[in-house]
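A note on names: the letters A, B, ... follow the listed sequences, proteins ahead of strands, and every chain is numbered from 1.
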2 protein chains.
Amino acid sequence: MKNNRQTLQNAQLKVTHARQVILDFFIAEKRPVAADEIVIYLEKKKCETDKATVYRILETFCEKGIINKMEFGEGKFRYEIAGTEHHHLVCEKCGRIEDFSDCNIEELEKEIARKKKFLVKRHSLEFYGLCTQCQR
Amino acid sequence: MKNNRQTLQNAQLKVTHARQVILDFFIAEKRPVAADEIVIYLEKKKCETDKATVYRILETFCEKGIINKMEFGEGKFRYEIAGTEHHHLVCEKCGRIEDFSDCNIEELEKEIARKKKFLVKRHSLEFYGLCTQCQR
DNA sequence: TTACTTGCAAAGGCTTTGCATCGCC
DNA sequence: GGCGATGCAAAGCCTTTGCAAGTAA
């Protein structure tokens, strides 16, 4: 929690209860969470917060690079703590999302810069299929 | 247009005016289009169609594998004619979407199967950055 | 104090659904 | 004729916005 305070201060953000609890949640979960999950978590933690505020905090955290915004074809966004860049394996049956590192597509990015003169800033790579459980 | 009729019939779909015009549009555009673009196009073509119908046609086309559904962080879906699998370069400034083939990540998929025992069925790979125009 | 943050209510954008009617095969 | 497709209206989600009140620094 002390650590969270520091993180927020470093980002030049005022330390509020909601922000601290949400940051806690992201650090604990280490997975892409949706806005409604956060609202529910806040309720559990007796830190009820309006969803408008949650969305505003999410936006702020994104701007400060504390979290990343992403989507998995669900028609809504998910957010994950930044820092450990990786990709995701999305199970099409149960919705479980696993992490996967080492994508190693720098080569591809160079090729794109060369062939298309497109300046790549970031990429998004998701694999869809069946997780171990759901293959049975 | 004759060709479209055949495509629809092969998919066991009734040949309606809206379906033909929408299929035309996908074939002509060869790019990911959003639902509202389709509604506007249909108006232009004097084939005004309710958006509910457009969404239902899009869903049907997806189920039949005629088009693919995808997203680019816009908070809405886009759809593209199936067949020529490729990835996209999304300009963060002007929103332009270019194609890019040859992603060559079969190796990565094998690695995922081995390491994670996850059965990869498809993947989604998008690059975000600046297109040639917007780099100036 | 003062600028930033929040709550509440409302609206906005995209997408889906129910139901009666229409039209392709 | 029958089943599937469409139009219309409404609702459902997710997300954003305006404004007044609250609060961290």
Exercise. For DNA chain C, whose closest nucleotide is more 5', that of A/K51 or that of A/V54?
Worked result: A/V54
Problem set entry | Distance below 4.0 Å between B/T53 side-chain N/O and D/dA5 OP1 or OP2 | no
Exercise. Atom CD of A/E71 and atom C1' of C/dG13: how far apart are they, to the nearest Å?
Worked result: 15 Å
Problem set entry | Sugar-phosphate, base or nothing in reach of B/T60, heavy atoms under 4.0 Å | nothing
Seminar exercise, completed: Separation of D/dT15 atom C1' from A/E37 atom CD, nearest Å, is 16 Å
Problem set entry | Audit row: B/R31, B/E37, salt bridge (Lys or Arg N to Asp or Glu O under 4.0 Å) steps and yes/no | CA-CA 12 Å; B/R31 68 181 176 91; B/E37 294 183 84; 2.7 Å; yes
Exercise. Can you tell me if the side-chain N/O atoms of A/T16 get under 4.0 Å from OP1 or OP2 in C/dT6?
Worked result: yes
For this session: Could you tell me whether the side chain of B/H88 reaches within less than 4.5 Å of the side chain of B/D99, counting heavy atoms only?
Result: yes
For this session: Would you sort out whether A/E111 and A/R114 count as a salt bridge (Lys or Arg N to Asp or Glu O under 4.0 Å), showing the intermediate values?
Result: CA-CA 5 Å; A/E111 200 178 326; A/R114 189 161 43 76; 5.2 Å; no
For this session: Could you please name the option among C/dT6, D/dG7, D/dC3 that lies closest to any side-chain atom of A/A18?
Result: C/dT6
Exercise. In whole angstrom, what separates A/F61's CZ from D/dT15's P?
Worked result: 17 Å
Problem set entry | Upstream residue (5' side of DNA chain D) when B/A52 and A/A35 are each assigned their closest nucleotide | B/A52
For this session: Could you check whether A/E74 gets within reach of a base, just the sugar-phosphate, or nothing at all, counting any heavy atom under 4.0 Å?
Result: nothing
Problem set entry | Rounded distance in Å - CG (A/L13) to C1' (C/dC4) | 10 Å
Exercise. Looking at D/dG7, D/dG18, D/dA25, which one has an atom nearest to any side-chain atom of A/K14?
Worked result: D/dA25
For this session: Please report, rounded to the nearest Å, how far the P atom of D/dA24 is from the CD1 atom of A/I57.
Result: 13 Å
Exercise. Considering only C/dG18, D/dT16, D/dA25, which nucleotide approaches the side chain of A/K69 most closely?
Worked result: D/dT16
Exercise. Judged by modelled atom types alone, do B/Q6 and B/N10 share a side-chain donor-acceptor pair under 3.5 Å?
Worked result: yes
For this session: Would you please confirm or rule out a distance under 4.0 Å between OP1 or OP2 of D/dT16 and any side-chain N or O of A/R56?
Result: no
For this session: Give a yes or no on whether B/Y128 and B/F77 share a hydrophobic cluster (residues Ile, Leu, Val, Met, Phe, Trp, Tyr; joining criterion: side-chain heavy atoms under 4.5 Å apart).
Result: no
For this session: Could you please name the option among C/dA9, C/dT5, C/dC25 that lies closest to any side-chain atom of A/D50?
Result: C/dA9
Problem set entry | N/O (side chain, B/Y55) to phosphate O (OP1/OP2, C/dT16) under 4.0 Å | no
For this session: Using atom CD of A/Q12 as one end and atom C1' of D/dA25 as the other, report the distance to the nearest whole Å.
Result: 13 Å
Seminar exercise, completed: To the nearest angstrom, the CZ-C1' distance between B/F77 and D/dT15 comes to 14 Å
For this session: Provide, to the nearest angstrom, the distance between the CD atom belonging to A/E59 and the P atom belonging to D/dT16.
Result: 6 Å
